[in-house]
Amino acid sequence: MQKRDRYTTTAGYRNNNPTNIRYDARNKWKGQIGVRNGFCVFDSQIKAFRATTKILFRYIDRGENTPEKIIRCWAPSIENNTEAYLVYVCKKAHIERAYRISKYQRDLIVRLISAMCGFECANYEPPQSWVAAGYDLAVTEL
């Protein structure tokens with residue numbers, strides 16, 4: 001019997017949505033092929049990373065531009081252990097919680113999204129090239 005990684009059993013991994021983007025009818029995400037239990041299902045993780053990047057850009061544009069502010073929006077305490085999420089992401093991404101992020105800090109945003117995947121999907125570490133490709137798709141649409 002083949003051993004499976006814990007992250008392959010997570011909904012985010014199965015949905016090609018490793019940051020667990022919730023479905024919202026107002027968003028027509030490229031590559032979204034369905035909805036499962038309130039979460040978007042994508043045809044590829046790259047398209048999910050594009051959507052995640054676009055959401056983070058919205059946050060940054062409205063002044064939610066630090067890891068702390070981003071994570072508090074992304075994972076509100078009414079349904080998450082937001083503080084644990086924030087500590088995990090900051091440690092994994094090697095960033096201070098109060099650091100001000102610009103949309104154009106590609107490497108930092110890629111690290112941030114990768115760390116979010118780790119918290120959402122049982123330590124899943126997506127290929128950095130996939131996260132970067134999602135970021136690049138989002139940037140070309142600015």
Side-chain angles (χ1 to χ4, degrees), residues 2-77 79-142:
Q2 187 177 15
K3 181 182 175 222
R4 295 181 64 178
D5 293 310
R6 279 187 350 192
Y7 63 78
T8 61
T9 64
T10 65
Y13 186 84
R14 288 190 312 274
N15 293 339
N16 274 330
N17 180 4
T19 57
N20 284 323
I21 298 169
R22 288 199 176 275
Y23 173 73
D24 183 329
R26 294 173 295 183
N27 294 320
K28 306 293 185 210
W29 297 121
K30 289 182 181 176
Q32 183 182 337
I33 57 172
V35 179
R36 188 178 296 134
N37 297 323
F39 293 94
C40 298
V41 178
F42 289 92
D43 63 6
S44 74
Q45 288 187 22
I46 291 171
K47 298 282 181 50
F49 296 138
R50 174 199 166 273
T52 302
T53 301
K54 291 185 79 70
I55 293 167
L56 295 186
F57 285 177
R58 284 187 213 154
Y59 291 176
I60 290 166
D61 285 345
R62 69 178 192 224
E64 307 292 338
N65 59 353
T66 66
E68 181 162 14
K69 290 176 181 178
I70 288 168
I71 298 305
R72 291 196 186 287
C73 288
W74 190 272
S77 60
E79 57 188 46
N80 297 278
N81 183 339
T82 306
E83 184 62 23
Y85 197 134
L86 177 60
V87 168
Y88 178 93
V89 165
C90 288
K91 182 177 179 180
K92 284 291 236 188
H94 306 288
I95 184 172
E96 296 294 322
R97 66 193 303 145
Y99 181 82
R100 293 182 68 171
I101 300 170
S102 158
K103 292 192 292 192
Y104 303 103
Q105 290 178 290
R106 181 181 189 260
D107 292 343
L108 186 135
I109 290 175
V110 167
R111 288 195 326 262
L112 185 69
I113 292 171
S114 295
M116 291 167 66
C117 293
F119 193 84
E120 295 278 354
C121 290
N123 293 317
Y124 173 56
E125 294 182 18
Q128 294 292 293
S129 61
W130 293 3
V131 183
Y135 174 92
D136 292 342
L137 286 171
V139 166
T140 62
E141 299 166 359
L142 285 179

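A quick note: this is a predicted structure, and the numbers were derived from the prediction, not measured. If you read the sequence from its start, that first residue is 1, and numbering goes on from there.
Judged purely by atom type and a 3.5 angstrom limit, Arg6 has no side-chain atom pairing as donor or acceptor with the backbone of Asn123. Remark: the backbone N or O of Ala98 is not paired with any side-chain donor or acceptor of Thr66 at under 3.5 angstrom. Between the side chain of Asn65 and the backbone N or O of Ile101, no donor-acceptor pair lies under 3.5 Å.
More than 12 heavy atoms of other residues, nucleotides or ligands lie within 6.0 Å of CD in Glu83, so this atom counts as buried by the packing criterion. Arg58 CZ: more than 12 foreign heavy atoms inside a 6.0 Å radius.
You'll find the side chain of Tyr135 stays beyond 4.5 Å of the side chain of Thr52, heavy atoms only. Between Gln128 and Ser114, some side-chain heavy-atom pair lies under the 4.5 Å cut-off. At least one side-chain heavy atom of Asp61 sits less than 4.5 Å from a side-chain heavy atom of Lys103. The shortest side-chain heavy-atom distance between Asp24 and Trp29 does not fall under the 4.5 Å cut-off. Side-chain contact between Asn80 and Trp74 is absent, with no heavy-atom pair separated by less than 4.5 Å. Put simply, the side chain of Lys54 reaches to within 4.5 Å of the side chain of Glu141, judged on heavy atoms. In this structure, Lys69 and Arg97 have side chains that are not in contact, with every pair of non-hydrogen atoms separated by 4.5 Å or more. Gln32 is not listed as a side-chain neighbour of Lys47, based on a closest heavy-atom distance of 4.5 Å or more.
Between Tyr124 and Tyr7, the ring-plane angle classifies as tilted under the 30° and 60° cut-offs.
Side-chain contact check for Tyr13 and Gln45: no donor-acceptor pair (N or O, by modelled atom type) lies under 3.5 Å.
Note: Tyr104 and Phe57 fail the aromatic proximity criterion, with ring centroids not under 6.0 Å apart.
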Exercise for the section: Walk me through it: do Ile95 and Leu108 pass the test side chain to side chain contact (heavy atoms under 4.5 Å, CB included)? Expected result: CA-CA 8 Å; Ile95 184 172; Leu108 186 135; 3.4 Å; yes
Practice task
Check the pair Glu120 / Tyr85 against side chain to side chain donor-acceptor pair (under 3.5 Å), numbers first and verdict last.
Solution key: CA-CA 9 Å; Glu120 295 278 354; Tyr85 197 134; 2.9 Å; yes
Exercise for the section: Check the pair Tyr99 / Gln105 against side chain to side chain contact (heavy atoms under 4.5 Å, CB included), numbers first and verdict last. Expected result: CA-CA 12 Å; Tyr99 181 82; Gln105 290 178 290; 2.8 Å; yes
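Partners of Ala115 by side-chain contact (heavy atoms from CB on, under 4.5 Å), not counting sequence neighbours, listed by chain and number: Val89, Lys92, Ala93. In this structure Thr140 satisfies the side-chain contact (heavy atoms from CB on, under 4.5 Å) test with no other residue, sequence neighbours excluded.
The residues Arg111 and Asp107 are annotated as not salt-bridged, no charged nitrogen and carboxylate oxygen being separated by less than 4.0 angstrom.
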